[in-house]
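What you are looking at is a predicted structure, and each value in this text was computed from that prediction instead of being measured. Just the heavy atoms: all of them, side chains too, but no hydrogens, waters or symmetry mates, feed the values below. In what follows, chains are A, B, ... by sequence order, proteins preceding strands, each numbered from 1.
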2 protein chains.
Amino acid sequence: MNFSLSEENYLKTIFHLEQHFKEGVSTNAIAEKLETKPSSVTDMVQKLAEKEVIRYVKYKGTTLTEKGRKVAIKIIRKHRLWEVFLVDKLDFQWDEVHEIAEQLEHIASEELINRLDEFLGFPTVDPHGDPIPTKEGLIKNSQKRLLSKLSVGEQGICVGVKDSESEFLKFLDKKNIAIGSQIEVLSKEEFDHSLQINLDGKLLYISKLISDNLYIKLDG
Amino acid sequence: MNFSLSEENYLKTIFHLEQHFKEGVSTNAIAEKLETKPSSVTDMVQKLAEKEVIRYVKYKGTTLTEKGRKVAIKIIRKHRLWEVFLVDKLDFQWDEVHEIAEQLEHIASEELINRLDEFLGFPTVDPHGDPIPTKEGLIKNSQKRLLSKLSVGEQGICVGVKDSESEFLKFLDKKNIAIGSQIEVLSKEEFDHSLQINLDGKLLYISKLISDNLYIKLDG
DNA sequence: AAATATTTTTAGTTTTGTCTAAAAATAAAA
DNA sequence: TTTTATTTTTAGACAAAACTAAAAATATTT
Ligand SMILES: [Mn+2]
Ligand SMILES: [Mn+2]
Ligand SMILES: [Mn+2]
Ligand SMILES: [Mn+2]
């Protein structure tokens with residue numbers, strides 16, 4: 001079965017949102033992620049339910065079927081492999097690749113993506129630390145964790161931010177925190193959950209607001 | 001100005017067809033190349049004329065404006081660079097890449113294509129011997145010529161076929177003519193325009209039907 | 001529980017790109 | 001130069017994917 005660019009974007013979005021919804025994914029949540037109107041989402045989910053890639057119950061939200069899950073994972077695999085290509089081979093920065101990968105993920109060719117995978121040396125994670133699904137559709141649990149979730153003594157490298165607001169990124173620049181920075185948790189303050197960390201050999205204090213927005217990929 | 005996937009395919013097709021039309025490109029010719037109906041072509045060329053990328057005179061055919069030519073050349077540049085990538089980096093065969101490049105040519109990012117160009121070592125021709133337009137939009141004259149147009153004594157390597165019908169390709173296999181074969185014209189028969197050639201060191205006779213369908217890239 | 005607010009769906013349009021059928025223009029043949 | 005054939009355009013329809021406005025269902029307050 002074939003899917004349009006639009007259908008693929010819906011399936012991928014529903015897959016991502018399912019991780020944050022206990023029951024079905026809400027119509028409004030999909031609309032917001034795709035920057036479209038809820039009424040458009042209703043139309044589309046009805047069509048996708050017809051195609052049996054999602055289960056849709058009026059007013060109750062949607063969930064992917066096994067078939068839909070497989071389609072979504074294939075798109076995510078393509079997205080992340082292309083991101084690796086852009087960063088590793090074409091020297092793009094981690095924050096420049098998303099928009100382009102958003103287009104490349106829709107190129108249809110099994111052969112292409114498997115050869116790309118091989119060309120890249122079968123990478124297991126993308127430039128943001130997210131796991132790359134295998135050809136068979138298996139996804140390893142993400143290696144990256146929020147800095148705020150690390151225990152004292154754990155260390156790793158900074159691989160991304162949760163919400164990449166411009167203000168926040170400027171703050172990171174000022175503090176010399178960048179993608180690739182080595183970070184070790186030295187101690188935690190119980191009262192306000194602030195952290196004392198070792199950043200590339202230098203001592204630094206970090207508030208909870210910050211540690212809640214920084215992703216760390218653990219060493220090893 | 002932005003162009004849809006469909007508009008881009010029309011512009012590229014008109015560019016290619018202009019090389020074979022003295023006046024404007026006919027509606028039917030476009031329809032045949034794009035495997036669509038003439039009425040659909042009329043609709044589209046009227047829209048493209050509005051956008052001032054083509055000149056269109058009712059019943060007289062269409063020609064690209066300078067603006068349209070630039071857009072077409074950019075798409076062709078992308079198409080051919082991606083073909084080089086597929087063959088040189090991902091080890092595809094020359095005859096397997098067209099369909100995939102047909103999709104990749106529509107990925108929108110100047111930065112991407114210029115970095116890809118650099119990554120590939122600024123190639124000047126694609127796997128079929130066709131010239132790759134520069135970033136500035138310049139196209140070198142194609143190095144490849146039909147075998148039938150070569151003079152006695154000229155030599156080069158086989159880089160492609162004009163019409164890749166399965167029957168013809170099978171014939172080439174039987175005669176050991178392949179992409180990469182070294183070919184030298186030894187003599188021409190005036191009567192039926194058949195050729196005596198040196199194919200990778202072996203003597204071979206070739207009819208006009210064959211020499212009219214084989215592209216040779218001259219040495220040097 | 002009733003009133004109010006929010007979410008979701010329906011109904012009716014719009015745009016893009018395609019199609020079929022029929023009419024009009026142009027080209028070729030008689 | 002008529003007649004016939006071919007090419008091209010118009011008119012009207014359709015499917016995909018979006019939208020607005022309004023109705024219906026669900027959730028939250030009072
Ligand atoms: Mn996308
Ligand atoms: Mn990513
Ligand atoms: Mn194309
Ligand atoms: Mn080519």
Side-chain angles (χ1 to χ4, degrees), chain A residues 1-14 17-18 20-64 68 71-72 75 102-103 105-106 108, chain B residues 1-14 17-18 20-64 68 71-72 75 102-103 105-106 108:
Chain A
M1 192 176 287
N2 266 31
F3 297 92
S4 71
L5 187 143
S6 202
E7 289 173 329
E8 289 193 348
N9 282 334
Y10 271 88
L11 290 173
K12 191 184 65 163
T13 298
I14 294 166
L17 287 172
E18 267 189 340
H20 305 285
F21 276 78
K22 280 294 155 204
E23 337 255 302
V25 176
S26 79
T27 298
N28 269 5
I30 298 169
E32 198 176 340
K33 258 286 176 69
L34 289 173
E35 297 181 82
T36 186
K37 302 291 170 184
S39 54
S40 306
V41 174
T42 301
D43 283 347
M44 182 58 97
V45 295
Q46 286 173 348
K47 202 177 66 171
L48 291 174
E50 282 290 317
K51 286 191 161 189
E52 298 186 310
V53 282
I54 64 171
R55 277 172 291 272
Y56 164 64
V57 185
K58 258 191 194 181
Y59 298 103
K60 298 287 177 185
T62 66
T63 52
L64 291 178
V71 176
I75 302 161
E102 204 61 37
Q103 299 178 60
E105 72 189 358
H106 302 289
Chain B
M1 191 178 287
N2 266 31
F3 297 91
S4 71
L5 187 142
S6 203
E7 289 173 329
E8 289 193 347
N9 282 334
Y10 272 88
L11 290 173
K12 192 186 64 164
T13 298
I14 294 167
L17 287 173
E18 267 188 339
H20 305 286
F21 275 78
K22 280 295 157 199
E23 339 253 305
V25 177
S26 77
T27 299
N28 268 5
I30 299 170
E32 199 175 339
K33 259 285 176 68
L34 289 173
E35 297 181 81
T36 184
K37 300 294 169 182
S39 55
S40 305
V41 174
T42 301
D43 284 346
M44 183 57 97
V45 295
Q46 286 173 348
K47 201 177 68 172
L48 291 174
E50 283 290 317
K51 286 193 163 189
E52 297 184 312
V53 284
I54 64 171
R55 278 173 292 274
Y56 163 65
V57 185
K58 256 192 194 177
Y59 297 104
K60 297 286 177 182
T62 67
T63 52
L64 291 178
V71 176
I75 302 160
E102 203 61 36
Q103 298 178 61
E105 71 188 359
H106 303 289

Open item on the list: Quick one, B/Lys51 with B/Glu7, criterion side chain to side chain contact (heavy atoms under 4.5 Å, CB included). Give me CA distance, side-chain angles, the key distance, then yes/no.
Closed with: CA-CA 11 Å; B/Lys51 286 193 163 189; B/Glu7 289 173 329; 3.2 Å; yes
Check every strand shown and say whether [X] touches a base, only sugar-phosphate, or nothing at a heavy-atom separation below 4.0 Å.
X       : value
A/Ser39 : base
A/Ser40 : base
A/Thr42 : base

Open item on the list: Can you tell me which nucleotide in D/dT7, C/dT9, D/dA18 comes closest to the side chain of A/Lys58?
Closed with: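 Among the listed nucleotides, the one closest to the side chain of A/Lys58 is C/dT9.
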- [ ] Would you mind telling me which of C/dT10, C/dT7, D/dA18 lies closest to the side-chain atoms of A/Met44?
- [x]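 Closest of the options to the side chain of A/Met44: D/dA18.
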TODO: Mind calculating the distance between NZ (A/Lys37) and C1' (C/dT13) to the nearest angstrom?
DONE: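 About 16 Å, once rounded to whole Å.
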Task: Rounded distance (Å) that lies between atom P of C/dT18 and atom CG of B/Leu48 - done: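 That distance rounds to 11 Å.
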Open item on the list: My understanding is that only one of B/Leu11, B/Val53, B/Val71 makes a side-chain contact (heavy atoms from CB on, under 4.5 Å) with B/Leu64; could you say which?
Closed with: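 Going through B/Leu11, B/Val53, B/Val71 one by one, the side-chain contact (heavy atoms from CB on, under 4.5 Å) with B/Leu64 is satisfied by B/Leu11 alone.
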- [ ] State plainly whether the residues A/Glu102 and A/Lys12 are in salt-bridge range, i.e. N to O under 4.0 Å.
- [x]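 Here A/Glu102 pairs with A/Lys12 in a salt bridge, since their nearest N and O are under 4.0 Å apart.
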Task: Residue met sooner reading DNA chain D from 5', once A/Glu35 and A/Tyr59 are mapped to nucleotides - done: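 Going by which nucleotide is closer to the 5' end, it is A/Glu35.
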- [ ] Respond yes when some side-chain nitrogen or oxygen of A/Tyr10 is under 4.0 Å from OP1 or OP2 of D/dA18, and no when none is.
- [x]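 Yes, A/Tyr10 has a side-chain N/O under 4.0 Å of OP1/OP2 on D/dA18.
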TODO: Mind checking the OG1-CZ spacing from B/Thr63 to B/Phe21? Nearest 0.5 Å is all I need.
DONE: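 The distance works out to 12.5 Å.
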